[in-house]
A.B. asks: 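The following block contains the structure, expressed as structure tokens.
Note: hydrogens, waters and symmetry copies are ignored here, and every other heavy atom, side chains too, is used.
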Amino acid sequence: ERFVECENFDCTPGASELLKAFHERPSSEAVALFNVSYPSLTRGELDGLFSCLCRVSVLRARQVLEDVLGGGGEVPVAMVNSMLKSYSVNHQCDQVDRLLNRVSSMGAQLDIRSYNIAIDAFGEAGDLGKVGEYMDRLLREGLKPDQYTMNTLLKMHAKRKEMEKVYKVIADMERFDVYPDTVTYNTLMYHLATSGAYGAAEKVREDMRSGGIPADAFTYNTLIKICDRQNDLPRLTSTFHEMREAKVSPNLITYNSLIDAFARRRNVEAAELAYKSLRSTDLEPTVVIFNTLLKLRAHQGDLKAIDSTVKEMESLGVRPNETTFNTRLDAFGRLGKLGLARKTYNEMIERGCQPTTITFNTLMKAHARRSDIEGVRSWYEVMYALDLRPDAFTLGILIDCYGKEGNVEEAERVFFLLKDEEKVRIDTVVFNSMLSMYAANGSMNKLISCLEEMKRMNVSWDIYTHNIVIDAWRRFAEYELAWNAVSDLLDSPILPDATTTRIVKKLSSTAEYRQENVVERFGKQKLKQSAA
């Protein structure tokens, strides 16, 4: 809005040239040109150009405002507001407060925009005391809150999940003769949705319809997110079609949400169709969208599709990031293409993209899948040389490799190293690696000790933990313990998988120790899963 005001005000050619410089030239050149022209600018021209100056140089803008305020005369509220907005954008709440107090002490009559900027700044900072103070000052000045004021308060309380205060703000809107608009409803709907109150969020959308409040892209993007979280893909698709029929243009957030929702569910056809729809618009796909497509195509194991995606990114000038390279590395690792993985890593370095712990975890996992322990060690050494901190997954891979190699001593050394590392949390994956190793080596006592340590550290079990324990007791011929472990699984919220079924089938073949009641429970659980 300020730029439009600048372009419409009647200015000399010098001011016009300045306006163009602020829009087109580097900041330093624009400020230099402004410094040359500044002494000859009229107050009207300065008012029009000041918001541009605030955008490119807060320091110079502050100096100019000091000159104007120190020169006497009427306080230029428009310039003050531009300066306040600049402070607010830069999260300088103390400067907002200082400037407003100084201008007020000069007897200037601030407008509603001045107070809105202050309320927004302190609301973002979470300083509710200051927000209340400026609301009181606004009312004492005889100013009337507008939609921006009330929407700012609504957003502030909604972000803090203070729903009682949210509804009080809505009630206050009626008291101040301020009518809810699209932003009001969007704010309420979005924060209800993020709190998991999907029904209440959709009721807000119905209220918008009945009240004749137009929906915008933000409205539909929130509805699409709700459908995604409710796992309702048909309604997600129909919401997108409704958006198009309402002539509301989808934006990049819309397409990213669609593609991501379909990709996470491995719905290749729908994801590709959403991407095709994006390409039919003037919007340019982002690196996030390409990364989602890469992950989907990588999961299919389609090397040609991965290659074509990378080429399309290059043709559109989309710069790959760490996630792009890590996704490609993971795909090549899963397919056993270790040469392509190394080539991709080299390309990553050449393109100036810094590898992360995830990068090396992915490379180490690729070699671990091929039982290439030397390859795992080699990448770990590169990681160590780059001074990257290993995480639980890194050390879990090492433990798993040493376990398969039968090198229990080295695996335990890594495990105890991990336990001593304060910033690395030992998770279920690491314990599963240790349990699997002890089970494979017949170390029953160590397996029991590991389970006790897992309980002591409050690390939860997953289906892999259950499978390892059940199979370990079976192989140790501890059949009663094995059936007890099956029963524990059935009592937990974790669902058995295909591996569990195979283990239980083997366990059931030992007729003399077969526990019919557990077998029957297991069969019923599998029937329920099949029906679902």
Side-chain angles (χ1 to χ4, degrees), residues 1-11 15 19 38 41-55 57-125 127-156 169 172-179 181 183-184:
E1 288 171 356
R2 292 293 297 153
F3 290 159
V4 170
E5 288 172 25
C6 289
E7 290 175 26
N8 290 341
F9 77 89
D10 184 20
C11 60
L19 182 65
Y38 174 46
L41 292 173
T42 66
R43 173 59 69 85
E45 291 170 343
L46 188 57
D47 279 350
L49 290 165
F50 190 71
S51 64
C52 296
L53 181 62
C54 288
R55 180 173 58 84
S57 176
V58 177
L59 180 62
R60 185 66 182 115
R62 186 189 299 171
Q63 291 169 344
V64 170
L65 185 60
E66 285 292 334
D67 288 348
V68 174
L69 293 176
E74 186 180 349
V75 173
V77 176
M79 289 176 67
V80 169
N81 287 345
S82 294
M83 195 75 246
L84 287 171
K85 187 66 179 173
S86 184
Y87 287 144
S88 175
V89 167
N90 289 289
H91 311 292
Q92 294 176 303
C93 292
D94 56 332
Q95 295 288 0
V96 169
D97 198 41
R98 191 174 293 120
L99 179 57
L100 274 170
N101 288 332
R102 180 183 175 190
V103 171
S104 295
S105 68
M106 294 172 70
Q109 180 64 48
L110 296 167
D111 60 18
I112 187 63
R113 187 164 182 259
S114 312
Y115 288 103
N116 281 345
I117 293 168
I119 290 166
D120 192 22
F122 286 106
E124 283 291 322
D127 191 339
L128 304 193
K130 276 290 182 184
V131 170
E133 179 187 318
Y134 276 106
M135 272 299 292
D136 290 343
R137 283 174 63 173
L138 179 157
L139 295 171
R140 282 201 307 270
E141 290 288 333
L143 295 170
K144 179 183 168 186
D146 61 10
Q147 281 181 327
Y148 189 94
T149 320
M150 303 312 288
N151 286 340
T152 301
L153 293 171
L154 190 76
K155 179 182 169 187
M156 178 184 72
V169 170
D172 286 343
M173 290 178 85
E174 186 176 348
R175 181 162 66 92
F176 292 123
D177 290 327
V178 176
Y179 296 99
D181 61 2
V183 175
T184 314

A.B. asks: Mind listing the closest non-hydrogen atom pair of Leu154 and Thr184 along with its distance?
C.D. replies: CD2-O, 3.4 Å
A.B. asks: Taking the side chain as every heavy atom from C-beta outward, state whether Leu99 and Leu65 have any atom pair closer than 4.5 Å.
C.D. replies: yes
A.B. asks: CE/Met150 to CE/Met135 distance, rounded to the nearest 0.5 angstrom?
C.D. replies: 5.5 Å
A.B. asks: As an exercise, state the distance from OH of Tyr38 to CD of Gln63, rounded to the nearest 0.5 Å.
C.D. replies: 9.5 Å
A.B. asks: Is it true that a side-chain atom of Asp111 and a backbone atom of Ser114 form a donor plus acceptor pair closer than 3.5 Å?
C.D. replies: yes
A.B. asks: Do you know the tightest heavy-atom contact between Glu124 and Lys155?
C.D. replies: OE2-NZ, 3.4 Å
A.B. asks: If you draw a 6.0 Å radius around CZ in Phe176, do more than 12 non-hydrogen atoms from other residues or ligands fall strictly inside?
C.D. replies: yes
A.B. asks: Of all the heavy-atom pairs spanning Arg113 and Asn81, show the shortest one and how long it is.
C.D. replies: NH1-CB, 3.3 Å
A.B. asks: Can you check whether Lys144 reaches Asp177 side chain to side chain, under 4.5 Å on heavy atoms?
C.D. replies: yes
A.B. asks: Would a 4.5 Å heavy-atom cut-off, applied to side chains only, mark Gln109 and Val75 as touching?
C.D. replies: no
A.B. asks: Answer yes or no: is there a donor N or O on one side and an acceptor on the other, between the side chain of Gln147 and the main chain of Tyr179, under 3.5 Å?
C.D. replies: yes
A.B. asks: How are the rings of Tyr134 and Tyr115 set to each other: parallel, tilted or perpendicular (split at 30° and 60°)?
C.D. replies: tilted
A.B. asks: Under a 3.5 Å cutoff, is there a donor and acceptor pairing between the side chains of Asn101 and Ser104?
C.D. replies: no
A.B. asks: Counting only N and O atoms by type, is there a donor-acceptor contact under 3.5 Å from the side chain of Asp120 to the main-chain atoms of Asn116?
C.D. replies: no
A.B. asks: Output the distance between atom CG (Asp146) and atom CD1 (Ile112), rounded to the nearest 0.5 Å.
C.D. replies: 5.0 Å
A.B. asks: Under 3.5 Å, is there a donor-acceptor pair between the side chain of Asn90 and the main chain of Gln92?
C.D. replies: no
A.B. asks: Against the six-membered ring of Tyr87, is Arg98 placed for a cation-pi contact (under 6.0 Å from the centre, within 45° of the normal)?
C.D. replies: no
A.B. asks: Given side chains that start at C-beta, do those of Lys130 and Asp97 come closer than 4.5 Å, heavy atoms only?
C.D. replies: yes
A.B. asks: Can you tell if the side chain of Val68 reaches within under 4.5 Å of the side chain of Arg43, non-hydrogen atoms only?
C.D. replies: yes
A.B. asks: Drop me the distance from Leu84's CG to Gln95's CD, to the nearest 0.5 angstrom.
C.D. replies: 10.5 Å
A.B. asks: Any side-chain heavy-atom pair from Asp181 and Asn151 closer than 4.5 angstrom?
C.D. replies: yes
A.B. asks: Can you tell me how far apart CD (Glu133) and CD1 (Ile119) are? Round to the nearest 0.5 Å.
C.D. replies: 10.5 Å
A.B. asks: Looking only at heavy atoms, what is the nearest atom pair of Pro76 and Leu69, with distance?
C.D. replies: CD-CD2, 4.2 Å
A.B. asks: Does any non-hydrogen side-chain atom of Thr152 lie less than 4.5 Å from one of Met156?
C.D. replies: no
A.B. asks: Minimum heavy-atom separation for Ser86 and Cys54, please, with both atom names.
C.D. replies: OG-O, 3.6 Å
A.B. asks: Please find the pair of heavy atoms, one from Ala121 and one from Val96, that lie closest to each other, and give the distance.
C.D. replies: CB-CG2, 4.4 Å
A.B. asks: With a 3.5 Å distance limit and no angle check, can you tell me whether Asp172 reaches the backbone of Arg175 through a side-chain donor-acceptor pair?
C.D. replies: no
A.B. asks: Looking at Leu53, is its backbone amide N or carbonyl O close enough to the side chain of Ser57 to form a donor-acceptor pair, meaning the two atoms are under 3.5 Å apart?
C.D. replies: no
